[in-house]
Amino acid sequence: MPRLSIEEVEHVAWLARLRLSEAEKQRLTGDLNTILAHFERLQQLDTTGVEGTSHAVPMSNRYRDDEPRPSLPREEFLREAPDARDAFFVVPRIVET
Amino acid sequence: MSQLYELSARELRERIDRGEVSCQEVAEAHLRRCEAVDPHVCAFVTLTPEVALAQARRWDEARARGEPMPPLAGIPVALKDNFCTRGIRTTCSSKILGDWRPPYDATATELIHAAGGVLVGKTNLDEFAMGSSTENSGLFITHNPWNLDRVPGGSSGGSAAAVAARMVPLATGSDTGGSIRQPAALCGVVGLKPTYGRVSRYGLVAFASSLDQIGPFARDVADTALLLNTLARHDPRDNTSVPVETPDYLAALTGDIRGLRIGAPREYFAQGVDETVKAAVYAALDVFRDLGAKYEEISTPYAEYALPCYYIIAPAEASSNLARYDGVRYGLRSRHEADVISMFEWTRDEGFGREVKQRIMLGTYALSAGYYEAWYGKALQVRTLVKREMEQALEKYDVLVTPTGPSVAFPIGEKTDDPMAMKLQDVCTIPVSMAGTCAISVPCGFQDGLPIGLQIIGRPFEEATLLRVAHAYEQATEWHKRGPAI
């Protein structure tokens, strides 16, 4: 496996919406390469034809009855918002006018 | 006479039932103990004395009226601070949640309240449960009650330390890769990770959803069974909660393990496990043999691949779960908010600590285009091999016995620089998490005054067997009777 470059770290940080300082980028590049080098042995295992396990307990979809139930009051959620007005969460402008 | 805070939950309950002590006196004794020792241990993020006293008085009144007293009535309990508590700050020990007050209770919180548990407070953890020492808490470090210069383990370090330091007889934790069992071992208490699906995760702040599971801490096996009796319930609000019957775990403690077949997988005794730890676990195997069980050394060669496998899967799930922290709906919002994208990025920069950022990066990378198959896809396949191997071992043996971790509690600061050093703490606990089955850690010895943990692994949904085996061991040994000097 090729080593992760600092440009790739920047790209992954962008995907994850993480703003990283220069020092953090440097350190994370080193840390991630150390970790991935340690995990390289996963690649040596032959897993041909092995199905992946995404859940510990085999389960299919379960459905509940489609009955209306009350949800928690909107005000209780809006009370925790950093900025809220009327029935809305307020965020910085998204669209230029 | 022993101090009230030294008693087990069952002993407290007997005294309450006999009218020798009130629930209020029990609550006050534990709150005073917290005031006396928590400034040194730092187990609690939030203490809730008003809640505790109000709940205690309510059960005293119920008793005076002759009403039935549920199993935990008047018993002080601490919750790990990733359990939602309605109206009570829930931080996950992360700055990004700020002073968030959940508008609802986790199912586990509700069940404990309904069973009469008295909430003493919320305990410290590695931020979002990511870590093995509680040093990754975004708030402060918790100290091991046996030696304040050492870590309590993690991520449920606050709960383990609170129980060990006699601040509460019972506490809850969550275990994704060892976060109940490893701190239980390092603090010399009992900690049980139930089978995935046994306890509802509704209202447990998500870290890695295919692995997270809630479980109890206590100072002996019977108290652990008592709390599991309350927690283990099918819950329609968690679709991964499995509708299986809950036995009475206290009734499982028969003391009889004659004929029990034990497998001791040799891979768990390699990989940098301290000699003293190995010796303590081998000595425990002899105790089991003397009690009428049989043990054999076995080999589980895939177990050593569980750790890298876990550290791909858990961060991948975490990177997705933690995408919700964006400064819009709750918790922290950065003041840098020129536009919405930079507001997200600044909020996550200011709110998340170093380990959480590292895991989000690792997980996002493992899921990103071009690397998905090589890392995430591969890890899911290896998980199948690890799980299958454990299932096969548990077909032949009733339980597997291993060390809980490679060493006793290590000094604060010792493993924080190398990104792999801390992760290797989880080498013995992670295979169980990958298989989704249950395991318990019980004290099995000491090295330089620090506790050693014994891990017993059971078949899926056979927590009763684990508790029976652990209890038989406990009855034959004295380790659980020791407490830290604090």
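Lettering follows sequence order; numbering is per chain, from 1. In this text, all values refer to a predicted model and were calculated from it rather than measured experimentally.
- Interface remark: B:Ala435 contributes backbone atoms only to the contact with chain A (heavy atom separation under 4.5 Å).
- For the set B:Asp418, B:Val382, B:Val328, the count of heavy-atom pairs under 4.5 angstrom toward chain A peaks at B:Val328.
- Interface check for chain A: of the options B:Arg388, B:Met343, B:Lys357, the most heavy-atom pairs under 4.5 Å are formed by B:Lys357.
- A donor atom on one side chain and an acceptor atom on the other are found under 3.5 Å apart for B:Ser209 and B:Asn321.
- Highest contact tally toward chain B, considering only A:Ser21, A:Ala56, A:Ser54, is held by A:Ala56 [criterion: heavy-atom pairs under 4.5 Å].
- Listed options A:Leu15, A:Leu20, A:Thr53 were ranked by heavy-atom pairs under 4.5 angstrom with chain B; first place goes to A:Thr53.
- B:Arg359 CZ to B:Lys423 NZ: the interatomic distance, rounded to the nearest 0.5 Å, is 5.0 Å.
- In terms of heavy-atom pairs under 4.5 angstrom with chain A, the leader among B:Met434, B:Glu350, B:Glu317, B:Met420 is B:Met420.
- For B:Lys387, the part lying under 4.5 angstrom from a heavy atom of chain A is the side chain only.
- Between chain A and the residues B:Leu385, B:Thr240, B:Ile313, B:Val386, the largest count of heavy-atom pairs under 4.5 Å involves B:Thr240.
- Counting only N and O atoms by type, the side chains of A:Arg19 and B:Ser334 include no donor and acceptor under 3.5 Å apart.
- For B:Arg198, no part lies near chain A; criterion is any non-hydrogen pair under 4.5 Å.
- Comparing A:Val57, A:Val90, A:Ile35 by heavy-atom pairs within less than 4.5 Å of chain B, the highest count is held by A:Ile35.
- Separation of atoms OH (B:Tyr196) and CG (B:Asp212) is listed at 7.5 Å; rounding is to 0.5 Å.
- When each of A:Asp31, A:Leu36, A:Leu28, A:Val12 is paired with B:Leu362, the side chain to side chain contact (heavy atoms under 4.5 Å, CB included) condition holds for A:Leu36 and for no other.
- Side-chain contact between A:Leu4 and B:Met361: absent, with no pair of heavy atoms (C-beta onward) separated by less than 4.5 Å.
- Taking B:Pro103, B:Ser210, B:Ala366, B:Gly436 one by one and counting their heavy-atom pairs under 4.5 Å with chain A, the maximum is reached by B:Pro103.
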